[in-house]
There are 4 protein chains.
Amino acid sequence: MARGLNKVMLIGNLGSDPEMRALPSGQTVTNFTLATNESFKDSSGVLQERTEWHRIVVWGKLAEICNQYLRKGRQVYLEGKIQTRSWDDSKTGEKRYATEIVCNDMQMLGSPMQQQGSNYGNQGGGYGQQQNQGYGNQTSYAPQQPQEQGGYQPSPGMGQGEPEKDDLPF
Amino acid sequence: MARGLNKVMLIGNLGSDPEMRALPSGQTVTNFTLATNESFKDSSGVLQERTEWHRIVVWGKLAEICNQYLRKGRQVYLEGKIQTRSWDDSKTGEKRYATEIVCNDMQMLGSPMQQQGSNYGNQGGGYGQQQNQGYGNQTSYAPQQPQEQGGYQPSPGMGQGEPEKDDLPF
Amino acid sequence: MARGLNKVMLIGNLGSDPEMRALPSGQTVTNFTLATNESFKDSSGVLQERTEWHRIVVWGKLAEICNQYLRKGRQVYLEGKIQTRSWDDSKTGEKRYATEIVCNDMQMLGSPMQQQGSNYGNQGGGYGQQQNQGYGNQTSYAPQQPQEQGGYQPSPGMGQGEPEKDDLPF
Amino acid sequence: MARGLNKVMLIGNLGSDPEMRALPSGQTVTNFTLATNESFKDSSGVLQERTEWHRIVVWGKLAEICNQYLRKGRQVYLEGKIQTRSWDDSKTGEKRYATEIVCNDMQMLGSPMQQQGSNYGNQGGGYGQQQNQGYGNQTSYAPQQPQEQGGYQPSPGMGQGEPEKDDLPF
DNA sequence: TTTT
DNA sequence: TTTT
């Protein structure tokens, strides 16, 4: 069912909380950004850092898992494929492009306690006794508050449609 | 020297002959596009094909190897990282983005004989004694014609600079 | 469903025709070996070649596809995970180990015509009406002769059981 | 300089502190084991866990980094290649095999504070003010005590030689 | 714009 | 045991 390879593997930190939407089709999609950091010595031998931002798209069951367990700042491993959407800019008539990583595998890394987003600690409500039984244990996280997902957004048609303005690269 | 992972692995076919340029800095850069093909059954069970186009950038010694041995249509394995350049659109003032794969490893796949571009056999000009002793042999291809590289192009500053219009996604 | 990453990606050539077996459990398993070649300059600057042999195990539907389309010599891309089985050597009582790649994705590379095994052309026998049901269907190869699969072999218990003597590393 | 792909990517936890040795050749090699965990539902739908143990070998500068910063229990990303050594069993005369991952890239994951081995906190001696300025920061770890490396061990000849008994798979 |  |  495939005649090629298009594989992306990322380890980085979420730049934003995941945003999950239900599409009219019934599909679930979650979006977030991921920063991958790279350090290198420049031509003068000075240590430089470079951060690359990736726009992540997740579908289906994994979309729900990402929405539930991931938060801004969290370190994750992601696997997926590169996909570039294009549309005609309504203002200029030019072709525009946005490249995304369609994620099909995710591993949470490290421990959630230190990687929480700014308000992570609060959102579990009464989960005071939440304890971390060891690294890598994925079952001890506080479940996310029910989100207001704001009903149905216009369908991206599996990511192919015309993106809204704030759907564009970040 | 790194604090994250940003890795891309592709197997696909070149959509264009490589184009090599020498930068004022003395660096060599080669560009080409790569198609990765994916087939899948859609919701109605019909077999569909989807082609993803990737813009490939190669630096240094590997740029020269790609320029010398790769041709349109050739099947290759590429490894690299995702990099998104951005600039301000001079017409609209909006931020624009272009995502590229900065390639750091390449393997030619299959045999060159069947994968040659349409005019592969001709382009060596006077290289009459060009012989192909078998696939995978990287030394037996006809060297590329000396290209008119047209002098120095504006430096991309290792791919970071403002791209020219025709430098944008393809 | 996972808390870690164990991923192997190989591009190489089959050292043997695939061998498919049906297990008493009803599962299908296919085994073959794969050579990955690496060349490098040794400390004296002389170009050396090193071949690594991998023992490949494939289960289920992909086992049948591999058995049907792959032949000795064929170049493939494989993805899978590392798995080491162990057992007690009946002669010495020592623990013995065999490491295998459990393959979960396969892409045929290049073109089949040049990569055929020694007797490739003949083995289709009377399969004159071989048809190609669609693209991506690598069905232009001669289908394999019905194999005598010799009934049920002892179950490896998903590769965990005590291997028979000739099941050991090659 | 290569004609194939032999790539392994692992995310797991060290099962032992790294052990570094200097070889007579002057080369430095570090060994440790890594566990990758996988969970899956068995045929009866019961969640099962499977741990795969990998024998890791690191050479050169990266060997020193691993020895200095990694400890038992630490979560890491490793990249490398599969290599199988073989030798004749002196007792039985049979061919024996040991498969290792020759590591060429390593990323520490999560934070060191929670992933420390049993005696990690003590070994820095006077590094009382060791602080963790955030995840992923690789420069804030307490440097390791100078190890007694015990002089020269028999050379593995770049991993090709006859392993000693306790050099065998773990 | 590639490939099958 | 493959491939170039």
Side-chain angles (χ1 to χ4, degrees), chain A residues 1-6 84, chain B residues 10-19 31-39 47-56 69-76 78 107-118 120 132-141 169-170, chain C residues 10-19 31-39 47-56 69-76 78 107-118 120 132-141 169-170, chain D residues 1-6 84:
Chain A
M1 300 285 269
R3 285 185 309 106
L5 181 70
N6 174 357
T84 298
Chain B
L10 304 173
I11 293 176
N13 300 277
L14 275 79
S16 56
D17 280 354
E19 294 184 13
N31 293 275
F32 56 90
T33 57
L34 189 84
T36 55
N37 300 291
E38 178 187 18
S39 62
L47 200 62
Q48 299 286 350
E49 174 137 344
R50 182 185 164 88
T51 296
E52 189 69 34
W53 285 98
H54 308 270
R55 181 175 177 76
I56 311 296
Y69 295 119
L70 300 186
R71 286 297 170 273
K72 180 180 176 177
R74 179 82 208 226
Q75 188 185 36
V76 290
L78 297 183
Q107 302 288 331
M108 285 179 273
L109 300 177
S111 152
M113 295 319 269
Q114 322 174 268
Q115 301 192 20
Q116 61 198 39
S118 48
Y120 178 84
N132 191 342
Q133 299 112 332
Y135 64 82
N137 188 318
Q138 304 183 341
T139 57
S140 60
Y141 308 164
F170 23 93
Chain C
L10 304 173
I11 292 176
N13 300 276
L14 275 79
S16 56
D17 280 353
E19 295 184 11
N31 292 275
F32 56 90
T33 57
L34 189 84
T36 56
N37 299 292
E38 178 187 18
S39 62
L47 198 63
Q48 299 286 351
E49 175 136 342
R50 183 186 163 88
T51 296
E52 190 69 35
W53 285 97
H54 309 269
R55 179 174 179 76
I56 310 296
Y69 295 120
L70 300 186
R71 286 296 169 275
K72 181 179 176 178
R74 178 83 208 223
Q75 189 186 36
V76 291
L78 297 183
Q107 302 288 330
M108 285 179 273
L109 300 176
S111 151
M113 295 324 266
Q114 321 174 267
Q115 300 191 21
Q116 60 199 38
S118 48
Y120 177 85
N132 190 339
Q133 300 111 331
Y135 72 81
N137 187 319
Q138 290 116 352
T139 52
S140 52
Y141 313 167
F170 24 99
Chain D
M1 300 285 268
R3 285 185 308 105
L5 181 70
N6 175 356
T84 298

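Quick note on labels: first sequence line is chain A, next is B, and so on, each numbered from 1.
- Atom-to-atom, CD of B:Glu52 to P of E:dT4 comes out at 20 Å; the value is rounded to the nearest Å.
- Within the nucleic acid shown, B:Thr36 has no heavy atom closer than 4.0 Å to any nucleic acid atom.
- B:Gly110 and C:Gln75 get closest at one heavy-atom pair: N-OE1, 2.8 Å.
- Whole-Å rounding puts the B:Asp17 CG to E:dT1 C1' distance at 11 Å.
- Whole-Å rounding puts the C:Leu109 CG to E:dT4 C1' distance at 13 Å.
- The distance between atom NE2 of B:His54 and atom C1' of E:dT2, rounded to the nearest whole Å, is 11 Å.
- Using a 4.5 Å heavy-atom cutoff, the side chains of B:Leu78 and B:Phe32 are in contact.
- Looking only at side-chain heavy atoms (C-beta outward), B:Ile11 and C:Leu109 come within less than 4.5 Å of each other.
- Nearest nucleotide to the side chain of C:Thr33, out of E:dT2, F:dT1, F:dT2: F:dT1.
- At a cut-off of 3.5 angstrom, counting only N and O atoms as typed in the model, there is no donor on one side facing an acceptor on the other between the side-chain of C:Asn13 and the base of F:dT1.
- Atom P of nucleotide E:dT2 and atom CD of B:Gln75 are separated by 15 Å, given to the nearest angstrom.
- In this entry the distance linking CD of B:Glu49 with P of E:dT1 reads 16 Å, nearest Å.
- C:Leu34 has its CG atom 16 Å from the P atom of F:dT1, to the nearest Å.
- Counting to the nearest Å, the P atom of E:dT4 and the CD atom of B:Gln48 are 20 Å from each other.
- Put simply, B:Trp53 rests on the base of E:dT1: the two rings are less than 5.5 Å apart at their centres and nearly parallel, under 30°.
- Listed candidates were F:dT2, E:dT2, E:dT4. Nearest to the side chain of C:Lys72 is F:dT2.
- In this structure, of F:dT2, E:dT3, E:dT1, it is E:dT1 that holds the atom nearest to the side chain of B:Ser16.
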Let's go through C:His54 and C:Thr36 carefully: what are the C-alpha distance in whole Å and the side-chain angles of both, what is the deciding distance for side chain to side chain donor-acceptor pair (under 3.5 Å) to 0.1 Å, and is it a yes or a no? CA-CA 8 Å; C:His54 309 269; C:Thr36 56; 2.9 Å; yes

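- Across all their heavy atoms, B:Asn13 and B:Gly73 have their closest contact at OD1-O, 3.2 Å.
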